[in-house]
Every structure is written in C-alpha cells, then in structure tokens.
Engineer: 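Below is one structure. I have some questions about it.
Bear in mind the structure is a predicted one, so any value in this text is a computation, not a measurement.
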Amino acid sequence: MSVREWMVGLSAGEKHFIQGGIAQDLRADGRKRLTYRPIYVETGVIPQADGSAKVKMGATEVIASVKLDLARPNPSQPGKGKVSLFVSCSATAGPMFEGRGSEELSAELSVALQRCLLGGKSGAGAAFDPSCLSIVDGKLCWDAYIDGLVVSADGNLLDALGAAIKAALINTRVPVANVPAGASLDEDPDVDLSSQETTRIDTSGVPVIVTLTKVGRHYIVDATSEEESQMSSAVSVSINKERRICGLTKRGGAGLDPSIILDMISVASHVSEQLMNKLDSEIAAAEADEQM
Amino acid sequence: MEYVNPEGIREDGRRPLEMRHLHAEIGTVARADGSAVFEMGNTKVIAAVYGPREVQNRSQQLNDQALVRCEYSMPNFSTGDRMRKPKGDRRSTEISLVIRQTMEACILTHLMPRSQIDIFVQVLSADGGTRSACINAATLALADAGIPMRDLVTSCSAGYLNSTPLLDLSYFEDSAGGPDVTVGILPKLDKVTLLQMDARLPIDIFENVVQLATEGCKAVANYIHEVLLENTKQLEYRRGL
Amino acid sequence: MEAKPLDSPTSFVNQLVVPGDVVLDLSTMANQTIKLGGGLRQDCDSITVLKAGKLRFAKPNKYWVESSQKRYVPCVGDTVLGIVVDTRADNFLVDIKGPALAFLPVLSFEGGTRRNIPKFEVGTLLYVRLVKANTAINPELSCTDASGKAAEFGLLKDGYMFESSTGLSRMLLSSPACPVLEALGKKLSFETAVGLNGRVWVNAASPSTIVLVSNAIMNSESLSAVQQKIMVDRLLQRVQ
Amino acid sequence: MEVDRADGRTRNQLRPLACTRGTLNRAHGSATWSQGETKVLAAVFGPKAGTKKNENPEKACIEVIWKPKTGLIGKPEKEYEMILKRTLQSICLLTVNPNTTTSIIVQVVNDDGALLPCAINAACAALVDAGIPLKHLAVAICCCLADGYVTLDPCKLEEQRTKAFAYLVFPNSLVSVRRKGSLQVEIEPVEHGIITSVTRGVMPVEDYLRCLERGRAVSAKLSEFLRRSMQVQAPSDSPTAG
Amino acid sequence: MGPMNDSSDLSSEMEVDAFRRLFPLRFHERHLLESIRPDGRPLGRARDTTLAFGAVASADGSALAKIGCTTMLAAIKMEVMTPTVESPNEGCIAVEFHMPPICSPTVRPGRPAEVAPVVSKQLSDTILRQVVMTFSGMIDLKDLSLVNGKAAWMAYLDIYCLDADGALFDTALLSAVAAFCHLKFPMVSLNDDGRVVVVSGESKGGKSGKEAVNKEQRKLNLISIPFSLTCTLHNNYILADPTAEEESIMETLVTVVLDSSLQLVSFYKPGGPVLAFTSAVMVSSDLQKAII
Amino acid sequence: MADLRLLRMRCYWRLAVFRTGAVNAASGSAYAEIGDTKVIVSVFGPRESKKAMMYSDIGRLNCNVSYTTFATPVRGQGSDNKEFSSMLHKALEGAIILDSFPKTTVDVFALVLESGGSDLPVVISCASVALADAGIMMYDLVASVSVSCLGKNLVIDPVLEEESYQDGSLMISSMPSRDEVTQLTITGEWSTAKIHEAMMLCLDACSKLGKIMRSCLKEAALASQE
C-alpha cells in the first residue's frame, strides 16, 4: 500500500472524485467498472529468448521471457522438467524502484504469480504440464526460466504479467533434442540440438489472472495506479478455460466478509471468459505478424 | 576465426564500415518525464528520465548545480548466459558511472541548482555496443524531458579484427577479444566527451578506428535529429496547430 | 616498579610528562591558588596529566602542558582561522578543526545590524576570536575584539592558507618574534595571520614571495632558532 | 636463565621494540609499533561530532576498526575489535568532549605472534600522538606457559606450540610526586591492577597468577620504553618560555 | 558532591521506576550501599538456573538453558562428512551463535548484533580449545570418527538466544554442554557403493544391502565439563551473574571459566577500570565451586 | 501413499498450546505449539521508526519471520523468509488499529523453532496473541488455519508430509468474532463449490482456535493479577 501511496499524490478532492465515479459505474477514463483498457500484445521482442512477449495495458507495459536450459531433473519428479518464475521491476517504471526499492514489490508479484501459475506441489492446476519439458526420464530435462520485467507501471501489474507470461509461453519454441540411442546414460549424455525443428508447449490450460479491486462497495477490473491507491482490498483470481480456479491471492489490508469473496470469485470467473477471448485473439494476431 | 570473409562481408552480412539498423521511439514510458527506446541491430535499450525534482537525501545536494544520478540495469534474460548478479554488480556500476559522467558534461546543470535529475537505463536485449546504445537512449530521453543541454551526445563503438577496422561491433565480434573503442561526441560542437578502449592497438590504427567511430556517431546524430523533428511534428499535429 | 619519590613539584617543569603522571600534590601545598592550563586535570587532591608534552610553568602560578597536535581543542580567548561551512538564519557555521562546528553569530561584526549582514560564500576564510567554548555546546566566535572594534578580525581576501600543527602556530605567535618570521621580515614584505588552531595565512604582492614564506614556515617546525636563520638565508640567496 | 628459545632469547627477554609516531600526515594521530616481526600501524581520527546509533551521547564514543593483513573481517577480528574498544574506553577520559566519536583504525602490517598486545600498544601510542585526553597509558604483553615456565612475548611458532597463553594489559608505571604507595586503592595500589586479560588454553590458577607477576614486572620496562619514545618525537621548540 | 543530594530529595517524590530510568547508575549505587540488588539477590548469588533436555525433536541433541530470564536453545545435528586429509581420524564441530531479532530490542533483522560474533568466537574457543600440540578440549574429536580416512561426523552446534537479559556467554556455554550430554549418534550404515548414509529412524535397517555400522545409539563422552561465571565490577563491588541492565551500567565484565578439574580454562576481562586482580580471581573461583 | 490419505480423513487438528510472556525482553511475546510446529513471536514497540521513513499519520507494522537452522528436517541455513514476512504483514494489517500509534512502528519478529507443517498459520495466530500481550489496540484477534486438498478429501491443518504431496491448499486468516477474512491464499486447482466448502470448514476451525487463544490470554491476565 505504501509504495502506491507515494506514487500517486492525490488530493482529497481527487480521491472523492474517483470513489464517486466508481459508485456510478463511470470511471475517470470513461470506462465501466468491468471493462479493460486497450490491450496490445507483441511477441518475439527478445531475440535471445526462446519465447518472449510484450503486453501493454493502457500505460502499464511489461515484458515476459522464457529461456530453456538443459538440466538434470530433481529426483523426486524424474519425468518432469523444472520451471522457475521470477519478476523484477525496472527503475524505468519509477524512481522508487531504484536500487533495492523494487525488491519488496517484485517479491510479492513473484509469489503471487507462482501461486497462480505453478499450481500445487503435486502439479495439479499448473499452467502447463511440465512433463512436456522432459527429454530423458530421470537424466535430462529442460529447465524453463520464466522472467517478468515491469517496464512502466500504471496499476494492474499482476494481470499484465499473467497475460505476458501466457503470450510468451505460446511464443516459446522448444528445440527438439534427440539423444543418440546408444549413448551411455549415466553421466550427461551429449545432445545435439542442430536440428532446426522445434515443438510448441501445450498452452491450452494456461489460466488468465483477473484482479478485482474493491473501492467502497463496488469492484472494478484493471485498476489504474490512482484507483489502486484508493482500494480497500483486492482479490486476484487465476481461472483457466474450464472456469476452474487455479490460484487466488487476497491483497490489501481491510477484512472482507466471506460472502463478498465468493461473490467476487464468481464475477471474476465471468469476466475472465471475456478477457480470455480478447487475449487469445490479440496473441494470435501478434503471432501472425511476427511470422511475416 | 573468420570475422571478415575475403569479399569483405562480415559474419552478419554487413560491410566493415556499415552500421547496424537504427530504430528509436520517444515517449514509451507514460509516467516518466522523458523516455525513449533505442535499438542498434539486436541491442535494445529503454531509458527513462525523472527530474529535475527534489533531492532525496539532503547530504548529496549541490547548492550550485543539479545532481545527476544514473542507474544502469541488465535483466538476466537479456544475454546468453543466465547467471547475472542482482543490481549491484561491478560492471553495471561502472557503466552507470560512465553514462552519468558523459550526460553530466552535456546537461546545463547550473541552470537547475539544488535539484536532482534521475536517468534510468534498462537493457532489454544485449547484442554488443550496449554502452553506446544506452548513451543514445539517454540523450533522446533527456531531449524528450525538455532538459536544457549544450548539444546531443551520440555514441558509437568500433573495433579492429582481421586487420580491418569494423564499425558498430555485434556481441559475436565484441567477444572475439579484439580492441573495442567506444566514442561519445557532441556532434554540433564537434567535441569528444567519451573515449574508452580496452585491449592493445598501435597508434596509427587507433587513430583511424577512432575516426571511423566518430563517423558512426555523426550518422547516429543525423538519425536522432530526424527522429526528434518527426516527434515535434507529431506533437504539433496533435496540438492541432 | 616504584614511582620516583620527588619532593619539589617544580622539578617537573620543562620535562616531558606522560598522561597519568601526578605532577602536583595539593595536600602538601598549603592554601595556594593554581591556574591550570590545557592538558592538566584535578583529581581529588592531585593534578594529573591528560596529554603528553612538556610541563610549563609561568611566573605566578600558571601550569600547563605544551603539546603539538593536529586537532584543536577550543578554549576561550584564542584567535583562530575558520572556514565557513554553511550559513543559517542567525549564525554562520565555521569549521575551526575542533570536535564540533563553531557558530559565528551574524551580528558579531563591528557595527553589525540585521540589515548589513555580510554575505560569506561557503569556503571563505575568516580570522576570528573564540568567545565561548565549553565542551557540551558548539563553540561561539566573534569578528570583533573585546572592545567591539573590528581590529584585524574579519574576512581574509586572497593570499594562501596552509595547515600546520598547533605547536608550530604557538611557536609563530611566541612573544619574542619567532626567528623565522624575523629573518623573512628583514628582506621581504608580506602579511601573515596565524590561527592557534593550526592554520597559517600568508599574503604578499607576488606569488613567488608567498610560496617562499609558506615553505619557510612549514620547514621551521622541527628546527632550532639558529638552524631557522640559516635555512631562511639560504632560501633568500637562491631567490635573488 | 638458561637460553631455551629458538631465537636465542632468554625467557624474560622481549623482542626488539620499535615505535614511530606521526607516520601518517592526514590522520590526526598515528603510530607504528613493532615487536620483533609483528608490526601494527594504528591511526586515530580525532573527536568528530555526533555519536553512532545506540551510543550514550553524554560520553565520547570510541570506534575501533580492525583491518587484517589479508582476507576478510571474520569473527576473530570482531572479537579483537571489541576487546580493543573496551580497553581503550577504560583508559580514555570520556567525559572531556561528550557527543563525539573518535575512530581508531588498526592495520596489521605483519603478524608474527602476540598480535593483540602489539595492536594495543600501537593504538595507545596513536592516541597519545592525537592528543586525546587519557587517564593513563596502557602497556600490553603476551605471556605463554610452556611446560611450567612462563615465557614472554612469544613469536608465532612459540605461540602455536605452547599449551596456553594469556594477553595481559597493565596501566603504565606512573611518575608521581607523591610518596610511593600513598596512592591507595582499597586493597592494592592501582599500578598492580590489570586492565584486560584474555587467556587461551587451560592452565592451573597458580600458573595464571605467576603470569600476572611476570607480566607486571616487564610492564615497567615497556612503559619506560614508551616514555623514551615520547622524547624522541617531541618537537624541540625554542628555549624561550611560552 | 553536589548532584548527589539534589537527586536524593528529587527521588523522594518521583516514583521508583522513573528514578531508575533517569539516574540508572545512582539507582544501582543506592542498592549497592545495602549490598542488595534491585531484584533482591545478594551481591554474590547467581540467578536460578533451569535446564531442559531434548527441547527440539528434529535435532540429534538439544537443550534449553535458562539463567534468570536469559534463555538459550542449543541444538546439534550430525551429518556424515569425509574427514580432512591431514587429520583422517577426526570429525569436526562447527559452532554458530545466533541472536535473532526476537531476543532483544536492540537487535534489528538483517544486521546481526555486534556482540554475537564475539560470543560465538569465545564459545568455539572454549568448546574446541584446539591448541595444536596438546589437546585439552572438552570433546576428543577422535570420538567423532567413523571409518578412518573415509567417513567422520560433522556436528553442527547452533545456539539461539531466545531472550537476552545479561550473562549471555554463561547461558550459551551451559546450553551447549547440556546439548552435548543429551546427544545421541544417529544410526549409520554402509550402502552398496561404499558411502556411509544416515539411516532414518523409522526404517530400522530394513534394506537388505545395508548393515548398520554402529549398532547401538551410543553417547558422546565428555572429558572435562567447563563452567563459566560472569561478574561485573563497580568500584570494588563484585556482582555475580549480572542482568542486562546491570551489564549496561557497570562496564567492567570478568568471565572466569573453570573446568571440572578446577583448571582455569579462561579468564576474560575486556577492559574496564583497573582492578585488584587477586581478589577477583579468588572470589569467582570459590563462587564457581558453589555452582558445580 | 493413498492409504495414508484415507487414514487421516479427520476434521480435528493437532493439539494447540499457547503461552504468553515467553520473552521478557520484549514488550509482548507468545509461544505457540501446534502438533510439532513450535514458534516464538516477540513484539517490540510502538517505538520510533527508522530515520529513512517519511512521516505517516498512521502507525506502521514491520514483520520479519525467520527459521532456525534445525527447524526443517534437512539442515537449512536459518535465513529470513521474505514471503512469509510480507504475508504475515498483510494478515495482521487489517486487524490492528493503526492510527492509535501514529508516526511510530510496531515490530513483530517471529522465529520458527521447529517446522511441523502449516507453519504460516501458526505464526499468524501466535503473532496476534503476542500483539494482544503487548497491549497493542486491535479490532479482534487473528486466527489462521490452512486446509490441504488431497484428491477428493480436505485435510485441515496438514502435517509436513501431507503438505509435500497436496494437490492444492487454501489458507485463511480471519477475525473470529467480527467474522471477516483478512487474508486468503489458494493454490492448486479448485472448483467454486469446493472453495465454498473449504472456506466454511476453515472459518469454524478459526472460531474454535480463537476460543483457545482467548482462554490462554485470560489465564495470563488472571495469573498476573495474583
């Protein structure tokens, strides 16, 4: 809360204007309570990464990149690749992110994203099945480093990052690694990656993250940083195609009645459908013009 | 290692005296006072300027000029290898110092005493020549922020491999271990504000490599002029004049 | 490890003393008032030494330890050279090489009033007098002598200032003119201001004179009176 | 005293002592102290305004920074810093200039045994050179116990081979105008006390007391050396009275 | 003395703990006159000591020691390591002293307390006392060896200060010694490729290929048990076992460590005004005997 | 592995013990033991906040959770846990009346002595008892419970092994008497109905836990009166 407070110095009048607007379903920038700001998606922005995407939601701009490294799977799950997720806030988003200032917020965002995208310990509810990253069971697998970078921050960072990671995963090309059959399997076998063909990750199950910010008695979607500074509490829900909930984080201080939380979850799942379609069309368009 | 094949074509298809493709956008970060993205080939850098604003810690305040602070950060996905220490590693501190000194020389700091100007440079993808790209991006961001400057600062790097001077080295050519000369000039005043070189080079060859780099800087300067003119036309158009 | 039994207190004078030595035993000296200078402290009924140095005795009853340090301990009545560090509403903050910054009230100038407050840039050199100096609060300075006249206090324009030890500046200000100044004074015309806090300011018409005088003073610290004269004469011949 | 030490010294003989003061001109006070091969450079930066965080503002605060010869600052250096700080706090007059910080930097030039006592002597000499008000001086010595005998000022080799050793710091012997022994502290004269004692290794209590005796005897010699080293550096000023 | 009497009439009408906070030294000196301490103990008496073994279930040996309010929790975990080349038949002990932010108001998270490394060094000196030639330590490292040259025990001794109220070193040493007494060696067995592996408690040697190297859960024998007592000196008063408040006021601390055979392990007096040493050593050693 | 799940299909949770006044150097402290998860929390303040902080007319909360090296079965290096610290901060923020101590900071430090499963809920409950012991004004105590979803069944207050192969988990920290949720985190795949059922289960567990915490505080108050 304190970081956002500092970012937007609002006078009492402006605060009242924002809260009143939301009550009458007409926000400061003319949107309704449940409409999103225009979303632009661009894929393949980082040439060195195996998959990358840039998402702009109004003034918020984030970049996600997926890089694959050869690694040895951890013994407890031999058949699966490894996934790690880390978010950092660049100082370009604001002077308070300079030096160590951004650590607290990036830690919070990383934890929220891990909870929403990587699912439970047994892998249920994960964005994608990590076994598609395995090459040789128990010996060799891909280690996927998912990195998020906040370039410009104007509220609703979690949804933008969620969308960017979804687009980056869709854009990822997993190089086909074929291991010569006879190779000795104990030490690290030599893998040839020369063959140019690549496969895609099955991203059908990737959930989308919807953050409902409660201001006064109403909830709004895709809040700008001014609106976020007025929030009493917020619930970020990650919902996949089958409208099942793959992760939830309640942020913000004030207590919430359980019934309100359930109501927010249902509103979120309703909105997620509309967001899912919009995102899929944007990503498809971006992928198409990247091929050209 | 074959960096320049017999016909004089480099590994990425450019001729020795040819720059990589330049691309620049202004005003990409809404909240910043001034911001710009600068691309040289695959090297892509975004810079944001906040200021002149109140000094954060009183002890650093200068009572006759503006305090210029700079932070250069490189995310761990921007280069080939993954292991990248967090913000405070030595290389990024050194590059922030270089950028700060270069920009401090060209900003008219005495016009804004007791204030602070923050320049934040974030590398998005690094393919050699990051230092020059950062300086060009910072210049554009400062211009976008409307901060009074003596002249634009443009920078370019040049090297010397297989006994031919090469302009604007890529990461592949840069990591070949050959000399890498980075030059920063004030194009109008024709003054050199930054000259850095590592590895060894005979004097006469050094002179024409520096000359080559200066040509490169002038080319960048022209491109930046065009971009700025285009941007002001846009602003004019948007304001409906 | 017996302590040398010495009866007469004066035998210590002009001898080197080390912190902790007991130099005066008040219980044996009946009703005599003693004035203690720097470097001595009273501990119940004996006077012990605080700082290493030579014990000095002046006629009536003044004892003090003469030592040479780089840090200055402010005491009332000293004339010092201060450098302005910051200006506040009602006084200037002046660095006098002491433990704390000294205050120079804005009005403590000859005929000083609210309207004609002088404007001192950061770093200007001032020749000032110490008015208040106790350990708890910052020392206070003034640019006037006791009678309120400016005398020679105030701003020192151009010239060259260099740091020296407190011992050397005390030697330069010793009552019979110090040999090195005397010798230089015969041949060259220059102006100096010596602060007891180990700062010397020299000003002369031509810069070469300033440099010559400053070097002469700096070298004279560890030379005896005769050696100082010889050193000055050699310097002057080389100049002519 | 038959000679039984590697370098031919008798048990009570110290290694050659050397002390130069005023070696650094930017420091407000500095001194190098060397005992045989062990050499330590100490610099004092005079009372600066303000005290560190939870320090008591009524008193002056002493800050010690120990710079080892090579490598990083580990736990041993932290312990030496704490011992040195407590020792110097007890000999300095803290009430003279309150709310100030005096920082003492100890740089180990070479370590050939008895490092801590050498550092304490160097710091003490540097404090005198900086003119910091002191109650009295301190001299430090290392006594080690080798098969029943107390040997003084061991070199590195001897220090590692002995069963146990003790670093002892005594107040220096005072030149006093008063009668001897009249300066009475309830039980024993003040010169007999110790300021700091740090022991390593197991030793019977009697051996420890013998170390104290031997240590106190040699501390008189050390303080004599300290006094003489003052003479050499004191500026020979003009004969005229002040 | 001037200040003395005005504070005496001052204290009459100001109640006790305001006076204690404003003039701490005078408050304690008034108590010393009647040779009693603020918490009612005579000068020579130490605070009552309690000891509880096996406080931590997940550690091989642990103990909780309390002297007055100062509480220390020591725990030892044993791990198998290959011994160093120059001492093939010796195990190794790593002593670590932690002062978490919960133990005292002065400790901030992130910055360790300055006294922590000092106490930790003293503890490792006292416990190991590794003087090269003659080994007179509390524990013979040869007991920690398993298979000469191939495997030996690595004992991680971690001491946590849960409540800091003076005499930290005494309580820490007491808890460390108690933890060693309570220590039980975990069951160890040699698996197929010759490496010694710790057999977890439940599956008692069930695997065929393993035969237990050490059958019974043997204890560690301690050669000599050190006891320490810290006293503070205030112009010829000797106070045993000071509380944190007394420690902060009276700056002279003397720590005497004797072992069971009454040999002086360490006499540690860091600074403080000159002391007539003979009396101090006598007093502390006979107090020591009282405790053993 | 399946047989264990059926065996443990119960709705009660492990024995809970609370005790206040564990650390007398702190202005308020509490020790909590639920099953073999042992936690000590001590509260300092409200005291002067760090100089770098700007003026704020509402009080500030500063939380820090750290583990001992021997807390986890495999020897960790006793580092601070940033994630738990920020979640503890979010859970307590809603319950404390922050504007009763403006400009100052209340420090809440927690040390996990032994980690026996669902450590964060135990830390949050123990912290709210410690705050009450320190006399910090609060709207209500904060009780926190977590439930693991293993296949079909919900296991409340999971032990370490159950947590290691849970399909999903739901952690709630709520104010029992005001019946408000201050913090809720869900991982793994859940349907909305399942969430509803799990929340109800947790909320009544929280109210039971709240009673135990209240009784412990009452005992401490009675004890200090004699």
Side-chain angles (χ1 to χ4, degrees), chain A residues 1-2 5-6 76-77 101 103-112 114-127 205 207 232-240 242-266 268-270, chain F residues 1 53-54 56 58 60-61 81-87 89-96 98 139-140 142 148-151 158 162-175 178-196 198-200 202-203 206:
Chain A
M1 272 299 253
S2 62
E5 212 78 295
W6 180 88
S76 62
Q77 290 164 332
E103 247 164 49
E104 195 202 336
L105 184 64
S106 21
E108 200 187 312
L109 289 175
S110 312
V111 163
Q114 273 151 18
R115 187 174 302 121
C116 294
L117 296 180
L118 302 187
K121 290 234 168 36
S122 72
S232 60
S233 61
V235 170
S236 305
V237 193
S238 101
I239 301 152
N240 62 15
E242 298 89 22
R243 304 280 293 271
R244 290 176 66 81
I245 295 171
C246 310
L248 184 141
T249 316
K250 172 189 172 302
R251 291 184 286 113
L256 273 179
D257 193 82
S259 59
I260 297 178
I261 294 182
L262 291 175
D263 178 31
M264 284 169 109
I265 291 174
S266 57
S269 65
H270 164 67
Chain F
M1 207 255 294
M53 298 280 193
M54 288 180 292
S56 101
I58 59 168
R60 269 201 198 84
L61 192 59
N81 192 321
K82 287 247 175 324
E83 182 194 337
F84 277 8
S85 309
S86 86
M87 284 161 83
H89 184 288
K90 295 270 178 302
L92 297 174
E93 211 176 5
I96 299 176
L98 287 174
Y139 295 116
D140 181 8
V142 178
S148 283
C149 159
L150 300 165
E162 284 152 357
E163 259 184 353
S164 59
Y165 43 76
Q166 62 189 9
D167 292 338
S169 91
L170 177 142
M171 191 208 82
I172 259 192
S173 29
S174 78
M175 296 195 252
R178 278 169 71 96
D179 192 14
E180 268 188 7
V181 174
T182 62
Q183 195 186 50
L184 167 68
T185 51
I186 298 176
T187 56
E189 200 159 1
W190 296 72
S191 68
T192 39
K194 194 85 156 152
I195 288 181
H196 185 65
M199 265 171 74
M200 288 314 134
C202 282
L203 284 176
C206 282

Engineer: Between A/Leu262 and chain F, which part of the residue has a heavy atom less than 4.5 Å away: side chain, backbone, both or neither?
Structural biologist: side chain
Engineer: Tell me, side chain or backbone of F/Leu203 under 4.5 Å from chain A's heavy atoms, or both, or neither?
Structural biologist: side chain
Engineer: Can you tell me how far apart CE (F/Met171) and OG1 (A/Thr249) are? Round to the nearest 0.5 Å.
Structural biologist: 10.5 Å
Engineer: How would you list, by chain and number, every residue that makes a side-chain hydrogen bond (donor to acceptor under 3.5 Å, both in side chains) with F/Arg178, sequence neighbours excluded?
Structural biologist: none
Engineer: For A/Asp257, enumerate each residue passing the side-chain hydrogen bond (donor to acceptor under 3.5 Å, both in side chains) test, keeping only those at least two apart in sequence or located in another chain.
Structural biologist: A/Ser259
Engineer: Tell me, out of A/Ala107, A/Ala254, A/Ser269, A/Pro258, who's got the most heavy-atom pairs with chain F below 4.5 Å.
Structural biologist: A/Pro258
Engineer: Counting heavy-atom pairs under 4.5 Å with chain A, which one of F/Leu184, F/Thr182, F/Leu170, F/Thr187 comes out on top?
Structural biologist: F/Leu184
Engineer: Side chain, backbone, both or neither: which part of A/Ile265 has an atom under 4.5 Å from a heavy atom of chain F?
Structural biologist: side chain
Engineer: Pick one of side chain, backbone, both or neither for A/Ile260, based on which atoms fall under 4.5 Å of a heavy atom in chain F.
Structural biologist: neither
Engineer: Any chance you could measure F/Lys82, atom NZ, to A/Glu103, atom CD, to the nearest 0.5 Å?
Structural biologist: 6.5 Å
Engineer: May I ask you to name which of F/Thr192, F/Leu92, F/Asp179 has the most heavy-atom pairs under 4.5 Å with chain A?
Structural biologist: F/Asp179
Engineer: Can you tell which of F/Ser164, F/Ala95, F/Ser148 has the highest number of heavy-atom pairs within less than 4.5 Å of chain A?
Structural biologist: F/Ser164
Engineer: Give, for atom CD of A/Glu108 and atom NE2 of F/His89, the distance between the pair rounded to the nearest 0.5 Å.
Structural biologist: 10.0 Å
Engineer: Please tell me if the side chains of F/Glu83 and A/Arg115 come closer than 4.5 Å, counting only heavy atoms from C-beta onward.
Structural biologist: yes
Engineer: Could you tell me which non-hydrogen atom of F/Val181 sits nearest to which non-hydrogen atom of A/Lys250, and how far apart they are?
Structural biologist: O-CE, 3.6 Å
Engineer: Heavy-atom distance under 4.5 Å to chain A: side chain of F/Ser191, backbone, both or neither?
Structural biologist: both
Engineer: Once rounded to the nearest 0.5 Å, what's the spacing between atom CD of F/Glu180 and atom OG of A/Ser233?
Structural biologist: 9.5 Å
